[in-house]
Number of protein chains: 2
Amino acid sequence: MAIPHPIPDPLAQMIAERFKVLGEPMRIRILDHLRDGPQAVGVLADELGTSQQNVSKHLGLLHGAGLVHRERRGNAVLYEIADQGVFDMCEHVCGGLQRHLAELQSLVTGEVTR
Amino acid sequence: MAIPHPIPDPLAQMIAERFKVLGEPMRIRILDHLRDGPQAVGVLADELGTSQQNVSKHLGLLHGAGLVHRERRGNAVLYEIADQGVFDMCEHVCGGLQRHLAELQSLVTGEVTR
DNA sequence: CAACTTGACAACTACTTGGTTGATAAGTAC
DNA sequence: GTACTTATCAACCAAGTAGTTGTCAAGTTG
């Protein structure tokens, strides 16, 4: 999976689009809650402490990006993770965060890390 | 590298922050141009077809997130990738994009893929 | 010293978007 | 049928931000 270099403009656009979808705390939290399995909109809204409309809106975005699947179950609509790879991405980000924070810390403690 | 579940609110915030920094085409393109090695701000601006001020602003953000390093070299300032892991992330995103697009395509062609 | 180059910062505009509010559609229960 | 539940859609507002313009600081050259 090699990315062309220099990167074509439309590809940069698509990649950024994907990142942008994940660049919102509420959406990260929604995805995290879906780790336990499919959930209905209302349940998520309660658990996350926000409105049903808000969750629905975010889920619509996530669905548009192909990150979650939708399924009607009677009166409710169940959403579930469509691409488990999202969590790999989150872990990758956490790794980067740790490296960055360690670097900052070394500036304070006096170059202990690295 | 396991992410706690349920995810703490501040962590979701930090992860989203990271993704948000990458959620901008111009910044993706800047990072891509830095793959060839350290570059000066002005050179990047020329290559990317935007203003020096704009590139400087984006590089400031990337630097704040710890994604690039800054180094004064005479009169110029050289920026370079600080965390090669960014490109792994981009490839990961591309993989997700491919899966999503293949899924959409199967809807058109009539369930050939999957 | 002055003239020039290079990059960062501040202010501003225009656009995007997260969250709310209100209304509508789909489904169930009676 | 009506009443109730659940989710989506549309309109709106407020906050954030990408890009421009103008200015300033740091460094080099003559």
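Only this structure's heavy atoms are used, side chains among them; waters, hydrogens and symmetry mates stay out. Per chain, numbering begins at 1; letters A, B, ... match sequence-line order.
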Q: Encode nucleotides 25-30 of chain D as B, S and - characters from 5' to 3', where the letter depends on protein heavy atoms closer than 4.0 Å: B to the base, S only to sugar-phosphate, - to neither.
A: -BBS--
Would you give me the side-chain donor-acceptor pairs under 3.5 Å for residues 15-22 of chain B, sequence neighbours excluded?
from, atom 1, to, atom 2, distance (Å)
Arg18(B), NE, Ala65(B), O, 3.4
Arg18(B), NH2, Ala65(B), O, 2.9

Side-chain donor/acceptor pairs under 3.5 Å, residues 34-42 of chain A, sequence neighbours excluded:
from, atom 1, to, atom 2, distance (Å)
Asp36(A), OD1, His5(B), NE2, 2.8
Asp36(A), OD2, His5(B), NE2, 3.4

Are any protein N/O atoms closer than 3.5 Å to N/O atoms in nucleotides 11-18 of chain D? If there are, list each pair with its distance.
from, atom 1, to, atom 2, distance (Å)
dA18(D), OP1, Arg27(B), NH2, 3.3
dA18(D), OP2, Arg27(B), NH1, 3.4

Q) How would DNA chain D look in dot-bracket form, 5' to 3', counting Watson-Crick and G-U wobble pairs with both distances under 3.5 Å and writing | for bases paired to another strand? A) ||||||||||||||||||||||||||||||
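We find that CD of Gln52(A) is positioned 9 Å from C1' of dT5(D), with the value rounded to whole Å.
Partners of Pro6(B) by side chain to side chain contact (heavy atoms under 4.5 Å, CB included), not counting sequence neighbours, listed by chain and number: Asp32(A). Remark: Gln84(B) engages Ile81(B), Phe87(B) in a side chain to side chain contact (heavy atoms under 4.5 Å, CB included) (not counting sequence neighbours). Partners of Arg29(A) under the side chain to side chain donor-acceptor pair (under 3.5 Å) rule, at least two apart in sequence or in another chain, are Asp9(B). Annotation: side chain to side chain donor-acceptor pair (under 3.5 Å) contacts of Glu47(A) (sequence neighbours excluded): His33(A). Remark: Pro4(B) pairs with Pro8(B), Leu11(B) by the side chain to side chain contact (heavy atoms under 4.5 Å, CB included) rule, at least two apart or across chains.
Contact annotation: Ser51(B) side-chain N/O to dT20(D) OP1/OP2 distance is under 4.0 Å.
Interface limits on DNA chain C: the 5'-most and 3'-most nucleotides within less than 4.0 Å of chain A heavy atoms are dT17(C) to dT28(C).
Using a 4.0 Å cutoff on non-hydrogen atoms, the parts of residues 30-47 of chain B near DNA chain C are Ala40(B), Val41(B), Gly42(B), ordered by number.
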